[in-house]
Amino acid sequence: MLILYYVFSGFAKIIGAKYWVGIFMHLKLPQWFRVVTGLVQLVGAIALIIGYWFVGMVAWAGIWLGITMLLACLAHFRVKDPISKTAPAFVFAVINIILIIINAGDMLHPFS
């Protein structure tokens, strides 16, 4: 499910889905940053997929995507969004942190 979220969300950001254009405008972030964020999410999703064969990649993907979600939380805090608008980014950050914790032992050997 996590992979699907990041694939769909990443593509939606890259193609300029109205929903994401509006969110980035609300967050006072430039639209080129929306595209970069979409690419970051797609790279993270690819790393999660690679993690099916190379378990160590899951933790690295968790770090990559976890930082992205924590930065999303900060962007929401910056514009004083209510918790309800910040919660999705926070929940995904927590899920990524859990992935990191569970797979931390495999990080030193991402391709084994």
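For clarity, every value in this text was computed on a predicted model and none was experimentally measured.
V35 and F8 are assigned to two separate hydrophobic clusters, defined by single-linkage of ILVMFWY side chains at heavy-atom distances under 4.5 Å. In the hydrophobic clustering of this structure, L29 groups with I14; members are Ile, Leu, Val, Met, Phe, Trp, Tyr whose side-chain heavy atoms approach within less than 4.5 Å, directly or through other members. Residues V7 and V91 are members of one and the same hydrophobic cluster, defined by side-chain heavy-atom contacts under 4.5 angstrom among Ile, Leu, Val, Met, Phe, Trp and Tyr. Linking ILVMFWY side-chain heavy atoms closer than 4.5 Å, directly or via other members, places L71 and I100 in a single hydrophobic cluster. No path of Ile, Leu, Val, Met, Phe, Trp and Tyr side chains, each step under 4.5 Å between heavy atoms, connects L70 with W64, placing them in separate hydrophobic clusters.
Side chains of H26 and V79 form a contact here, defined as non-hydrogen atoms less than 4.5 Å apart. Residues M57 and Y52 form no side-chain contact, since every pair of their non-hydrogen atoms from C-beta on lies 4.5 Å or further apart. By the 4.5 Å heavy-atom criterion applied to side chains, P82 and K85 are counted as neighbours. In this structure the side chain of L42 never reaches within 4.5 angstrom of the side chain of Y6, judged on heavy atoms. Counting only heavy atoms from C-beta outward, the side chains of L65 and F92 never approach each other to under 4.5 Å.
A donor-acceptor contact shorter than 3.5 Å is absent between the side chain of W60 and the backbone of A47.
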Could you go step by step and tell me if I97 and M69 meet the side chain to side chain contact (heavy atoms under 4.5 Å, CB included) rule? CA-CA 10 Å; I97 291 167; M69 292 296 104; over 6 Å; no

Carefully, step by step, assess F11 and Q41 under the rule side chain to side chain contact (heavy atoms under 4.5 Å, CB included). CA-CA 9 Å; F11 272 124; Q41 289 182 329; over 6 Å; no

Please lay out, stage by stage, how D81 and L27 fare under the test side chain to side chain contact (heavy atoms under 4.5 Å, CB included). CA-CA 9 Å; D81 269 347; L27 295 174; 3.8 Å; yes

Go through it in stages, so that I can follow the logic: the residues are M25 and V21, the test is side chain to side chain contact (heavy atoms under 4.5 Å, CB included), and I'd like the CA-CA distance, side-chain angles, deciding distance and then a yes or no. CA-CA 6 Å; M25 286 174 56; V21 169; 4.0 Å; yes

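Residues passing the side-chain contact (heavy atoms from CB on, under 4.5 Å) test with L99 are L2, L48, V58, N96, N103, sequence neighbours excluded. Scored by the side-chain contact (heavy atoms from CB on, under 4.5 Å) test, V94 finds F90, I98 as partners (sequence neighbours excluded). Residues passing the side-chain contact (heavy atoms from CB on, under 4.5 Å) test with A87, sequence neighbours excluded: none.
Here the straight-line distance linking atom CD1 of I63 with atom OG1 of T68 works out to 11.5 Å at 0.5 Å rounding.
Using cut-offs of 30° and 60° on the angle between ring planes, the pair F24 and F33 is tilted.
When every heavy atom of A72 is checked against every heavy atom of A89, the shortest pair comes out as CB-CB, 3.8 Å.
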